[in-house]
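Okay, structure first, notes after.
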Amino acid sequence: MSDDPYQEKQLDRNNELRLVWVFPLSLKNEHNEVLIPTEFLKSREKIQEKKAKRLTQKELMNRASRASHTPGSRMVVTKGYERDVYVSEYAKRRANGVCQLCEEPAPFHTKKGEPYLETHHIEWLSKGGEDTIENTVALCPNCHRRMHSLNAKKDVEKLKVVASKN
């Protein structure tokens, strides 16, 4: 067991609220660390989001009003990439305070007075992209989220052209 058992209200299969006992368990490796791949959690969250989207407004409100007020937490295992700070800084300077996708000025300035742009790898590092100035651009937060949500082919092509103009 990883924590003390406790009781909470949960919906049963008939969508009736009932009091249940929860026995927090966790998988452990040889060093007593909990190891849960982030991909598993993301997959589970996507399934739950799809279920939530299919609910009626009333069903959604009922579920949301019964949600736990204290979120759970867990240790997860994730793979990170060490990005070259010089490549990132070069991409931001090359952008000169303007998003390289929407071509609008940075939405705000940092406390140091620098335009706030986020560096983005056109071909993602997680998919084999390189950490080079030819593969890195500077984007406003909206466009950065857009690229990670849609990664539209026309946007990728535009950014490749922008990044090739060193």
Side-chain angles (χ1 to χ4, degrees), residues 2 24 26-57 59-61 63-65 67-166:
S2 69
S26 60
L27 299 173
K28 296 189 175 189
N29 68 4
E30 61 193 56
H31 303 292
N32 229 17
E33 297 169 318
V34 178
L35 298 176
I36 301 172
T38 56
E39 292 77 17
F40 169 80
L41 297 175
K42 288 178 185 175
S43 172
R44 187 171 142 242
E45 189 174 306
K46 282 188 187 281
I47 291 168
Q48 290 173 332
E49 286 172 355
K50 285 180 182 179
K51 286 181 181 179
K53 286 192 181 297
R54 289 193 294 258
L55 296 176
T56 66
Q57 187 69 11
E59 291 170 327
L60 189 58
M61 194 271 298
R63 296 268 181 109
S65 65
S68 174
H69 294 260
T70 53
S73 65
R74 67 191 68 194
M75 298 296 290
V76 296
V77 177
T78 185
K79 182 177 183 178
Y81 294 90
E82 295 179 24
R83 294 161 172 87
D84 190 299
V85 295
Y86 302 107
V87 170
S88 177
E89 180 61 23
Y90 181 84
K92 289 177 184 178
R93 286 191 194 179
R94 179 177 57 200
N96 198 26
V98 175
C99 173
Q100 293 181 296
L101 185 57
C102 70
E103 301 176 19
E104 293 291 325
F108 60 91
H109 287 77
T110 66
K111 289 180 179 180
K112 294 182 179 180
E114 299 168 353
Y116 184 84
L117 294 173
E118 300 174 353
T119 52
H120 174 72
H121 291 88
I122 303 165
E123 291 185 33
W124 302 353
L125 300 179
S126 63
K127 295 184 178 178
E130 295 180 343
D131 191 21
T132 62
I133 59 177
E134 297 83 14
N135 190 43
T136 307
V137 290
L139 305 176
C140 70
N142 278 350
C143 286
H144 194 211
R145 177 58 35 217
R146 172 182 171 152
M147 291 307 299
H148 282 278
S149 296
L150 302 176
N151 204 31
K153 188 174 182 176
K154 69 177 179 109
D155 293 339
V156 170
E157 294 306 317
K158 177 178 180 175
L159 293 177
K160 284 181 179 179
V161 170
V162 168
S164 69
K165 298 177 184 173
N166 295 324

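By convention here, the first residue in the shown sequence is residue 1. None of the values given here were measured: they were computed from a predicted structure. Atom set for the values below is all heavy atoms of this structure, side chains included, hydrogens, waters and symmetry mates excluded.
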Check the pair R83, T119 against side-chain contact (heavy atoms from CB on, under 4.5 Å), reporting the backbone distance first and the verdict last. CA-CA 10 Å; R83 294 161 172 87; T119 52; 5.6 Å; no

Might you work through the side-chain contact (heavy atoms from CB on, under 4.5 Å) test for R54 and K51, ending with a clear yes or no? CA-CA 5 Å; R54 289 193 294 258; K51 286 181 181 179; 3.6 Å; yes

Audit row: E103, K158, side-chain contact (heavy atoms from CB on, under 4.5 Å) steps and yes/no: CA-CA 11 Å; E103 301 176 19; K158 177 178 180 175; 2.8 Å; yes

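Shown are V156, N142, D155; of these, the side chain to side chain contact (heavy atoms under 4.5 Å, CB included) with L101 is made only by D155.
Nearest approach of A163 to V137, heavy atoms of both residues: CB-CG1, 3.9 Å. What you find for T70 and S68 is that their closest heavy atoms are O-OG, 3.0 Å. Of all heavy-atom pairs spanning C99 and C140, the tightest one is SG-N, 3.3 Å. In terms of heavy-atom proximity, H121 sits nearest to E130 at CD2-O, 3.7 Å. When all heavy atoms are compared, the tightest approach of D131 to T136 is OD1-OG1, 4.2 Å. Annotation for P141 and Y116: closest pair CG-CE2, 3.6 Å, computed over non-hydrogen atoms.
Remark: M147 CE to I122 CD1 distance equals 8.0 Å, nearest 0.5 Å. Going from atom CG of D84 over to atom OG1 of T132 covers 10.0 Å, rounded to the nearest 0.5 Å. Taken to the nearest 0.5 Å, the NZ atom of K92 stands 11.0 Å off from the CG atom of L139. Between Q57 atom CD and L60 atom CG the span is 6.0 Å, to the nearest 0.5 Å.
Between the S43 side chain and the E39 main chain, no donor and acceptor come within less than 3.5 Å of each other. Using modelled atom types, one side-chain atom of Q100 and one backbone atom of A138 make a donor-acceptor pair closer than 3.5 Å.
Within 6.0 Å of CD in Q48 there are more than 12 heavy atoms belonging to other residues, nucleotides or ligands. Residue Y86 places its OH atom among 12 or fewer non-hydrogen atoms of other residues, nucleotides or ligands, all under 6.0 Å distant.
Under the 30°/60° scheme for interplanar angles, the aromatic rings of W124 and H148 are found to lie parallel. Ring planes of H120 and H144: perpendicular class, angle over 60° (limits at 30 and 60°).
Judged as a salt bridge (charged side-chain N to carboxylate O under 4.0 Å, His left out), and not counting sequence neighbours, the contacts of E123 are K160.
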